Amino acid sequence: MGWPILKVLLVGVTFLGCLYPLVDLSLSGKTRDQKPNFVIILADDMGWGDLGANWAETKDTANLDKMAAEGMRFVDFHAAASTCSPSRAALLTGRLGLRTGVTHNFAVTSVGGLPLNETTLAEVLQRAGYVTGMIGKWHLGHHGSHHPSFRGFDYYFGIPYSHDMGCTDTPGYNHPPCPACPRGDRPSRNLEKDCYSDVALPLYENLDIVEQPVNLSGLAQKYAEKAAQFIQRASASARPFLLYVALAHMHVPLSGSPLAAEAGGRRLYSAGLREMDSLVGQIKDKVDLIAENNTFLWFTGDNGPWAQKCELAGSVGPFTGSWQTRQGGSPAKQTTWEGGHRVPALAYWPGRVPVNVTSTALLSVLDIFPTVVALAGARLPESRHFDGLDASGVLFRRAQTGHRALFHPNSGAAGEDGALQTVRLGRYKAFYVTGGARACDGSVGPQRRHEPPLIFNLEEDVAEAVPLDRGGAEYQRALPRVRAALAGVLEDVAADHVSRADYSQDPAVTPCCDPRRVACRCRAA
């Protein structure tokens, strides 16, 4: 199916027809009285156009495509921010960075993290009797009480931040390439500014570093095995479970695994997609075997592709941000263009979520928190305002609409970190600031502020190529609605309990299993 046909599919708030009869959405028998299990899988830097279920031109996601055919795909689903830490904080709290204080990424030397007075999804479900586990990338603080083991997770296995934020002996494929960790007593070399090589990448199991540097080529299989073990043990405990899997894929460096043997160009990225898809397939297979009828599996991404990584970055599909590319710079990760915010998303729950349904409802990663809390029969934290909505009506086809408006924060491009500088209101998208993100060709694009804002009609222009004429009737009708929506959310934030994140840094908090050894080396457990 080609991109022109997508214009029909990507607009409105209706469900497209099913290819199979609808299943009975009511629970029956034993599962009626059970609390559901939840598996949330978050891809990293994956493009909307990478997913075959979204009609990608290459078919590297057979397991995800099968999951879409057996569940629901969302084609107007958005990250809450377009870079790592703010997006993850929003997933786990249901709140934008202006409320949580998490407006940009935490570093290897960060003292703080997601503020401790913010309540995570894991903490809510843990109090409701759930066994909770996390596997993969955390990136919400690793020092002291900011570690995931103190944020509601009974079990943790993974890397505390992005897997390019430390050297390894198997550096994988990056742009520019990064060197391996130094060995012996050799001092650090003159390094590329985009590479971390003084400290090796650590792999944690709960509070212990079990491998440093981690072997990236075997990481996907370790994640699959640990996920399967958690599902098995949690199911045997007769308690409901939450498993949050934050994948390394498709962030660089791309793994130098056997699947990536045909290195070079798009073939290398495709090999990484197939490896990620295989990992997701193994997790889904375990769910199907152990707890199929009572487990809700939600797959999505944290933000769009990292365009400056060139052929090692994913596809934005038809969301090319053409207005920005003409000015120079990227319209993907770090930006509020559709390529940076619109992400793949699938929901799978046999017997509950109808099969082979495509939803065009406007939804967000912010919705995961309130939806899961509602389905678990738990209660939202008090004295907090939330930006997500309970999407269970959409999931079970009782409703066909999602958000009236979404607000996209600056996530590293031009403007102030966390500022709500782009408004999505139905078919309209308004930009108050553009530019500032680096493209593959090295261009950044000038920072430009727009007052009144640029407004695009996404129903007619998914490529965001030509803004509406400021003097035209359509623009004049849309502008007051955009301004009212933005003023409303800013007023709500001002009346809310707002947290502040500690972004101070101290080299002493860098994860290191043995500071006496160059690059902090230790053997795998």
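Because only heavy atoms are used, hydrogens play no part in the values below, and waters and symmetry mates are left out as well, while side chains stay in. Since we're looking at a predicted model, the values are computed, not measured.
Side-chain contact between Thr422 and Trp337 is absent, with no heavy-atom pair separated by less than 4.5 Å. For the pair Arg151/Leu116, a side-chain contact is recorded, criterion being any heavy-atom separation below 4.5 Å from C-beta on. In this structure, Ser197 and Cys181 have side chains that are not in contact, with every pair of non-hydrogen atoms separated by 4.5 Å or more. Here the side chains of Asp277 and Asp60 are not in contact, with every heavy-atom distance at 4.5 Å or above. With contacts defined as side-chain heavy-atom distances shorter than 4.5 Å, the pair Thr336/Asn410 does not qualify. Looking at Lys333 and Thr83, their side chains come closer than 4.5 Å, going by heavy atoms from C-beta outward. In this structure, the side chains of Val498 and Leu98 stay at 4.5 Å or more apart for every pair of heavy atoms. At a threshold of 4.5 Å between non-hydrogen side-chain atoms, the residues Gln334 and Arg438 do not count as touching.
Remark: side-chain polar atoms of Thr170 are paired, donor with acceptor, to backbone N or O of Leu216 under 3.5 angstrom. At least one donor-acceptor pair closer than 3.5 Å links the side chain of Asn294 to the backbone N or O of Lys35. Proximity of a side-chain donor or acceptor of Asp154 to a complementary backbone N or O of Thr132 within less than 3.5 Å is detected. Remark: the backbone N or O of Pro86 is not paired with any side-chain donor or acceptor of His104 at under 3.5 angstrom. Under a 3.5 Å cut-off, the side chain of His175 and the backbone N or O of Glu311 do not form any donor-acceptor pair. Side-chain N or O atoms of Ser278 include none that pairs as donor or acceptor with a backbone N or O of Glu275 at under 3.5 Å. Between the side chain of Gln229 and the main chain of Arg233, no donor-acceptor pair closer than 3.5 Å is present. Within the 3.5 Å criterion, the main-chain N or O of Ala81 finds no donor-acceptor partner in the side chain of Ser411. Panel note: side chain Gln126, backbone Gly152; a donor-acceptor pair is recorded below 3.5 Å.
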Residue pair Asn206, Ser149: steps toward the side chain to side chain donor-acceptor pair (under 3.5 Å) verdict: CA-CA 6 Å; Asn206 298 319; Ser149 292; 4.5 Å; no
Ile283 and Val39: CA distance, side-chain angles, deciding distance, side chain to side chain contact (heavy atoms under 4.5 Å, CB included) verdict: CA-CA 9 Å; Ile283 295 173; Val39 177; 4.1 Å; yes
Residue pair Thr103, Asp417: steps toward the side chain to side chain donor-acceptor pair (under 3.5 Å) verdict: CA-CA 5 Å; Thr103 59; Asp417 287 332; 4.9 Å; no
Test log, rule side chain to side chain donor-acceptor pair (under 3.5 Å), inputs Asp45 and Asn303: CA-CA 6 Å; Asp45 288 6; Asn303 49 247; 2.8 Å; yes
Step-by-step side chain to side chain contact (heavy atoms under 4.5 Å, CB included) determination, Ser110 to His143: CA-CA 7 Å; Ser110 283; His143 177 60; over 6 Å; no
Salt bridge (charged side-chain N to carboxylate O under 4.0 Å, His left out) assessment of Asp387 paired with Arg99: CA-CA 9 Å; Asp387 300 290; Arg99 302 183 196 272; 2.8 Å; yes
Steps toward side chain to side chain contact (heavy atoms under 4.5 Å, CB included) verdict (Trp306, Val252): CA-CA 9 Å; Trp306 199 357; Val252 294; 3.8 Å; yes
Verdict with supporting geometry, Glu205 and Asp208, side chain to side chain contact (heavy atoms under 4.5 Å, CB included): CA-CA 5 Å; Glu205 186 158 28; Asp208 299 321; 5.6 Å; no
CA sep, side-chain torsions, deciding dist, call: Lys222, Glu211, salt bridge (charged side-chain N to carboxylate O under 4.0 Å, His left out): CA-CA 12 Å; Lys222 286 181 180 177; Glu211 188 178 356; 2.5 Å; yes
Test log, rule salt bridge (charged side-chain N to carboxylate O under 4.0 Å, His left out), inputs Arg88 and Asp44: CA-CA 10 Å; Arg88 284 162 169 73; Asp44 198 344; 3.6 Å; yes
Verdict with supporting geometry, Asp367 and Thr371, side chain to side chain donor-acceptor pair (under 3.5 Å): CA-CA 6 Å; Asp367 305 330; Thr371 303; over 6 Å; no
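Between Phe38 and Phe296, the two ring planes are perpendicular [angle over 60°; tilted spans 30° to 60°]. Using cut-offs of 30° and 60° on the angle between ring planes, the pair His408 and His341 is parallel.
Ring to ring, His147 and Tyr204 are close: their centroids are under 6.0 angstrom apart. In this structure, the ring of Tyr161 has its center no less than 6.0 angstrom from the ring center of Phe106.
Nearest approach of Val199 to Pro511, heavy atoms of both residues: CG1-O, 3.7 Å. When every heavy atom of Ser499 is checked against every heavy atom of Asn117, the shortest pair comes out as OG-OD1, 3.2 Å. In terms of heavy atoms, Ser87 sits closest to Ala79 at OG-CB, 4.4 Å. Shown here for Ala80 and Leu366, the closest heavy-atom pair between the two residues is CB-CG, 3.6 Å. Annotation for Leu42 and Asp302: closest pair CD1-N, 3.7 Å, computed over non-hydrogen atoms. Contact record, His497 with Ser383: CB-O, 3.6 Å, taken as the closest heavy-atom pair.
Between Cys178 and Cys167, the sulfur-to-sulfur (SG-SG) separation does not fall under 2.5 Å. Pairing of Cys520 with Cys512 by a disulfide is supported, the SG atoms lying closer than 2.5 Å.
Of the listed residues (Trp298, Tyr244, Phe386), just one forms a ring pair (Phe, Tyr, Trp, His ring centres under 6.0 Å) with Phe369, and that residue is Phe386. When each of Leu346, Val394, Val357 is checked for a side chain to side chain contact (heavy atoms under 4.5 Å, CB included) with Phe74, only Val394 meets the rule.
There is no side-chain donor-acceptor pair under 3.5 Å between Ser315 and Asp50.
Both tests do not hold together for Arg239 against Tyr130: distance to the six-membered ring centre under 6.0 Å, angle to the ring axis within 45°. A cation-pi geometry, defined here as NZ or CZ lying under 6.0 Å from the six-membered ring centre and within 45° of its normal, holds between Lys284 and Tyr348.
No salt bridge links Asp514 with Arg521; every basic N to acidic carboxylate O contact stays at or beyond 4.0 Å.
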